[in-house]
Amino acid sequence: MTTGTAATSTLLSAVNQALDDALAANPDVVVFGEDVADSEEGGVLGATKGLSSRHGSHRVRSTPISEQAIIGAAIGASLVGIRPVAEIMLMNFTTVAMDMIVNHAAKLRFMSGGKTHVPITIRMMTGAGLGTGGQHADFLEAWFVHTAGLKVVIPSNPSDAYGLLLSCIDDEDPCLFIENMPLYWTPGPAPVRGQRIPIGKARIARPGKDVTLISYSRQVFDALAVADKLSKEGIEAEVIDLRTISPLDDATLLESVARTRRAVVIHEATRQCGVGAEIASRIHENLHRELRAPVQRLGSAFCPVPFSKPLETAFVPGAQQIEAAVRRTLS
Amino acid sequence: MTTGTAATSTLLSAVNQALDDALAANPDVVVFGEDVADSEEGGVLGATKGLSSRHGSHRVRSTPISEQAIIGAAIGASLVGIRPVAEIMLMNFTTVAMDMIVNHAAKLRFMSGGKTHVPITIRMMTGAGLGTGGQHADFLEAWFVHTAGLKVVIPSNPSDAYGLLLSCIDDEDPCLFIENMPLYWTPGPAPVRGQRIPIGKARIARPGKDVTLISYSRQVFDALAVADKLSKEGIEAEVIDLRTISPLDDATLLESVARTRRAVVIHEATRQCGVGAEIASRIHENLHRELRAPVQRLGSAFCPVPFSKPLETAFVPGAQQIEAAVRRTLS
Amino acid sequence: MNQARSLPDAPVLLEIYRRATLIKQNDDRFRAVIQSGKLVMPYYSPRGQEIIPAATSVHLSDDDYICTIYRGVHDMLAKGVTPRALWAELAGRVTGSCKGKGGPMHITDPARGVMVTTGIVGSSMPIANGLALAAQLRGEKRVTIAYFGDGASNIGAFHEALNLASLWKLPVVFICQNNRFAEHTRYESGTSIGRIADRAAAYSMPGEHVDGNDPDAMWSAAGQAIARARAGDGPTLIEAMTFRFHGHIFGDADGYMSKEEKASAIARDPVVLLRRRLIERGMATDAALAELERGIELEIDAALQFALDSPYPDLAELRRDVYATEIQP
Amino acid sequence: MNQARSLPDAPVLLEIYRRATLIKQNDDRFRAVIQSGKLVMPYYSPRGQEIIPAATSVHLSDDDYICTIYRGVHDMLAKGVTPRALWAELAGRVTGSCKGKGGPMHITDPARGVMVTTGIVGSSMPIANGLALAAQLRGEKRVTIAYFGDGASNIGAFHEALNLASLWKLPVVFICQNNRFAEHTRYESGTSIGRIADRAAAYSMPGEHVDGNDPDAMWSAAGQAIARARAGDGPTLIEAMTFRFHGHIFGDADGYMSKEEKASAIARDPVVLLRRRLIERGMATDAALAELERGIELEIDAALQFALDSPYPDLAELRRDVYATEIQP
Ligand SMILES: Cc1ncc(C[n+]2csc(CCOP(=O)(O)OP(=O)(O)O)c2C)c(N)n1
Ligand SMILES: Cc1ncc(C[n+]2csc(CCOP(=O)(O)OP(=O)(O)O)c2C)c(N)n1
Ligand SMILES: [Mg+2]
Ligand SMILES: [Mg+2]
């Protein structure tokens, strides 16, 4: 299970593995957040299970419910070379720590003229599909992509999660690492131990020539499913898994769309001012003449995440909508 | 000074006037925030001066430095029909109240299935140009435009500020009202007492036929200056002052660009994932064939607001950049 | 508090029992139904904490407000939300209190004064202040209760809300249901003071530490705090000691607590103890209580059936209740 | 604290005077230069609060950390930031401590242990915890000071930070400079407790209320708290009473306070009082102190000249220091 990509793993265990390896490799790495230590069962879903037992409860620390204090402590320690991996359990709870993330972590390098910097990683979970309702499943990544000084990473599979998380921990800048909870137990390619995946590089998940489907996290799987279906009609969709959404991998995106001349961007965040707007704008700016149709953007409905199952299912953009959007670019 | 638009006023006094009129007209209107009462001099810049003396210190209340408590109190009171106008002194300080704004104010109507709603107005100041540095001048409006359930209003002149603020206070939904501090003392058209300006309607600040400059707040003036300059060359730019950025006035925008076939969007927020990305995307989606050139987006540099004067000046998009962008659409 | 504490009389104690039993039986059924797979959701059982809201709510009317949290079904039922509205909401049906759009963590029922249910730790308190402020501004005698957990006393919102409530003398009662755990974290691992009630001193506010599972003590403490708020004498912080029987979230393995700790709490089931007390005090017969319990069971049967028979909301609901009028970007 | 308080001896008290005088004279000059229009910026004068950081910093070395706030020039100078680096930064020059990019509210100087200066009320405390945690993890004897104002004790971050520091026994000292106003708001209008020091009890932390303008008392309280932190005995909250002579922001009309209140505070100028005390105690002569003051004046002259002679940063700086390597979107 530890080498080769034929073996399978899950996002949940890949995250655990990356943290374990980072803690083992570098004594400056510390992990903290609510319930992360083994005395608290290593996280509500077990993402940090075993880590405090193996690396010590001084390095893997459970905290009170105090997100400002969590991120503040991470920032302060990082200023003098500690490498904190701080957990904000759910992305919605970044709302109580935005000052620390946006006014401090993102800005201290610049405001200090480079005298200090903030090499922290902030892990968080989110994602609709588990019936958690309006305050536990938001995708807010566009806020952070809009914030200079932050990097934003969002893996879709175990191998990427492992390699990207190690890169975030290595990185000299503050990185947000977003884990899609409904993907936690989905089997996928196992990580290659120790192998980093560079921040800022997208992955072509499926090559194609007729249209480019640009996505990240859970929606990559929907895009792939649609691509497979369309392939039977002879439409070959290229699927790009962005992996990092700040900085965006313009080179890969633009090269692909320059070839296919059609693009659809899909994410779970709502469309208005979402990351899709940025991507679509960049494509239009660079490939206006080449494009055969305007870039299509798909996002969740413009409302809070609903609880009721049929609403929750309809809320997230699905294969049907992706297929329809592709057809719009082809017509 | 109280009727007609020939008279002049300032944004600062227009805000004061609107609050005064709203307090006088409706006993359910209350105002609170740090230093807003006259015992604390009616606001750090005097925006609420005189209000507590005229309407009572039970209705115009200074608060401790507790932004979560301020917005929480506004939300709670609004659920039972009070009409709070809460002040978060500077937009950067919304970062300590994001939970209240995003998880509660924006969502309670939906999550309650319409059983309650949150008719609050949140006023805040911001804007580069006064040497306040990295934590006091950010434009973060894109975060709120990305949040379903909120309305976002951002006036450029006294008359609009007055009429829009009254509309926000009347409105049944939570409204953010963004005041550009460097515009506070700029003379402009005086408000017509009692006259509302509808939320969601843009204003054509200058008609034109060759290119549409879309902007809001301070950048409207830069756009107008560039339009005047270009006019001497026979290039007639239409300038749109959005006034409201959520919901966006698609009708006005698209009608204009359908005519001019060229557009530049300018705002002080940084470009990446800014409101300009949303506007550019909508224009491309709707007018792909009609556009003569891709929509140009301008925003501030992708960094925190710098302190040093030359940097601060260069940070914000200015007339030169707007002119260059217009020329790019024409070439 | 100097005022002598009286005991609840028979009708009051019986009413507390009725509400606590409704909560208990309702929770037993919820868990059974979830376990059966008939309904799927994250569920935060309040089993074991029944007495706190039951003994508090008998001091309240529909005009009084509460703000509660994800672990709040007990608070809602005690305040008068009907099992029908609740079950339908938890089943995601359009007949639910919030048309199925809110779900278990976001029940609102203004007719019963249930104004906000929040999933964000600490957020019930700042909003409760606003409801109290509205009553104060209008000269109404309404009182607002903010329920929250022990873990929530460590988050910033707690501090800001208590400070403001004290300064403005708001008619609000902050009731901390101290069940000794925040998710998997023991009280003392997250909280730097032995008693949360003692944090009231930081705001010049009365603080009461009380056995929340003892209906006499809880009734008395809540009654005095509510009376003080109604009289315009300002807020109170009550720390009500209790225990959750089913861990943080239903399905929780409880590996972070000792088996004995849990067993001993369950052995002192507050609803069972109250039943015994009613009989010992001669306030009710076993038969009468059994009758009451059967009645509740039937009400729950009917509520479950009502929920399952109700339709799901129409997909158009995704566009409704976002704004006062439909706006789609 | 049980330990008997000793008094600072002559060299220490003289050093406190030197630092306080540097702060005072530096501030007098800043204000004059701003008033002249030669430099333009929002400036939060610390005049009147000199003794607090001067008497604290003599217990610290460059290895110890501080986190301070927009009103923090006194804290920085006391900790060893040079007038040159400071003036150049305030003038927005590339020779400033932060290349002119931070400005008065965001001075950083790690060589002197000045790690963060924040413009967001309350934010110095959570970050100070992290610096203290780093020292604790590494077994270093460094101590971290978090400076903040009285108004900041009402914001959530204060509460979260003190709770965590207490739980983790961090080597940090929270020093509240209580100047009785938060912008235009009087202490008692924003703060629901008579003494902020008493809030320490909510975190089982020692709390000290001290006259921050009295160098003996301040030196002693800071010394004990720093010694406790260094010994691994955890954090302390110190409330140091003081007064700002020039309102919230320079140019402030001070309409929210009585003229007498201000006049009486200025009449008890702590730097003047300390000078008198040094002479009364026979620790220095007027001539020696005048000599020291002249030396400081020359240092400030030179710093101002250095700042004005320095170039502004290149516009390329907008792209630098955003990330470790240049990334432009
Ligand atoms: C701001 C925030 N942080 C973290 C969480 C995740 N979370 C949900 S419940 C909970 C524990 C709360 O404990 P307590 O306040 O004691 O209430 P209890 O669940 O015991 O009733 C946590 C940490 C959250 N919902 N909100
Ligand atoms: C979160 C936040 N809210 C509001 C402000 C605006 N503000 C700047 S200074 C200040 C007063 C702070 O008072 P205090 O803590 O007593 O410090 P002092 O200025 O007296 O030194 C306020 C409200 C801010 N900077 N940050
Ligand atoms: Mg608890
Ligand atoms: Mg102060």
Side-chain angles (χ1 to χ4, degrees), chain A residues 68 92-104 106-108 110-111 133-135 138 140-149 246-248 269-289 291 293-297 301-307, chain B residues 68 92-104 106-108 110-111 133-135 138 140-149 246-248 269-289 291 293-297 301-307:
Chain A
Q68 294 190 69
N92 278 88
F93 313 153
T94 59
T95 52
V96 291
M98 287 301 278
D99 168 51
M100 284 294 146
I101 301 171
V102 169
N103 288 326
H104 294 92
K107 293 178 178 173
L108 286 176
F110 186 88
M111 295 197 307
Q135 295 179 332
D138 280 343
L140 307 170
E141 67 275 13
W143 295 357
F144 303 105
V145 174
H146 190 49
T147 305
S246 187
L248 280 166
T270 199
R271 204 168 52 210
Q272 180 162 291
C273 270
V275 173
E278 179 62 32
I279 294 170
S281 294
R282 291 186 184 202
I283 295 172
H284 285 119
E285 282 157 12
N286 286 283
L287 301 169
H288 181 67
R289 298 244 155 82
L291 278 180
V295 180
Q296 300 293 310
R297 293 182 291 150
F302 192 59
C303 63
V305 182
F307 168 71
Chain B
Q68 295 190 69
N92 277 89
F93 313 153
T94 60
T95 53
V96 291
M98 286 301 277
D99 168 50
M100 283 294 146
I101 300 172
V102 168
N103 288 327
H104 294 91
K107 293 178 178 174
L108 287 176
F110 186 87
M111 296 197 306
Q135 295 178 332
D138 280 343
L140 306 171
E141 67 276 13
W143 295 357
F144 303 104
V145 174
H146 190 50
T147 305
S246 187
L248 280 166
T270 199
R271 205 169 49 209
Q272 180 161 292
C273 270
V275 173
E278 178 62 33
I279 293 170
S281 294
R282 289 185 185 202
I283 294 172
H284 285 118
E285 282 157 14
N286 286 283
L287 300 168
H288 181 67
R289 298 244 154 83
L291 279 178
V295 179
Q296 300 292 312
R297 295 181 292 150
F302 192 59
C303 63
V305 181
F307 168 71

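Every chain is numbered from 1, with letters handed out A, B, ... down the list of sequences. Side chains included, hydrogens not; waters and symmetry mates left out as well; all remaining heavy atoms used.
- Only the side chain of A/Val102 comes within contact range of chain B, judged by heavy atoms closer than 4.5 Å.
- Each of A/Ala277, A/Ala280, A/Cys273 has some count of heavy-atom pairs under 4.5 Å with chain B, and the biggest count is that of A/Cys273.
- The structure places CE of A/Met98 at 15.0 Å from CZ of A/Phe93, a figure rounded to the nearest 0.5 Å.
- Between chain A and the options B/Met111, B/Arg271, B/Arg289, heavy-atom pairs under 4.5 Å are most frequent for B/Met111.
- A distance of 6.5 Å separates CG in B/Leu248 from OG in B/Ser246, rounded to the nearest 0.5 Å.
- Of the two parts of A/Gln296, neither the backbone nor the side chain holds a non-hydrogen atom closer than 4.5 Å to a non-hydrogen atom of chain B.
- Remark: A/Arg297 CZ to A/Ile279 CD1 distance equals 11.0 Å, nearest 0.5 Å.
- Contacts between A/Thr94 and chain B at a heavy-atom distance below 4.5 Å are absent for every atom of the residue.
- Looking at A/Asn286, there are no atoms closer than 4.5 Å to chain B (heavy atoms on both sides), in backbone or side chain.
- Per-residue counts of heavy-atom pairs under 4.5 Å with chain A were compared for B/Leu140, B/Thr147, B/Ile101; the largest is that of B/Thr147.
- Residue B/Asn92 holds its CG atom at 5.0 Å from CG of A/Asn103, rounded to the nearest 0.5 Å.
- For a residue to count as touching a neighbouring chain, one of its non-hydrogen atoms must lie under 4.5 Å from one of that chain's; by this rule B/Leu291 touches chain A with backbone and side chain alike.
- Of the listed residues (A/Ala106, A/Gly149, A/Gly274), the greatest number of heavy-atom pairs within a distance under 4.5 Å of chain B belongs to A/Gly274.
- Looking only at heavy-atom pairs under 4.5 Å with chain A, the residue among B/Ala293, B/Gly276, B/Gly133 that has the most is B/Ala293.
- Remark: the A/Arg282 side chain and the B/Gln272 side chain contain an N/O donor-acceptor pair separated by less than 3.5 Å.
- Residue B/Ala301: no heavy atom, backbone or side chain, is found under 4.5 Å from chain A.
- Taking CZ of A/Phe144 as the reference point, atom CH2 of B/Trp143 lies at 7.0 Å (rounded to 0.5 Å).
- Smallest separation of non-hydrogen atoms from B/Cys303 and A/Phe110: CB-CE1, 3.8 Å.
- In this pair, B/His288 and A/His284 present their aromatic rings tilted. The plane angle is within the 30 to 60° band.
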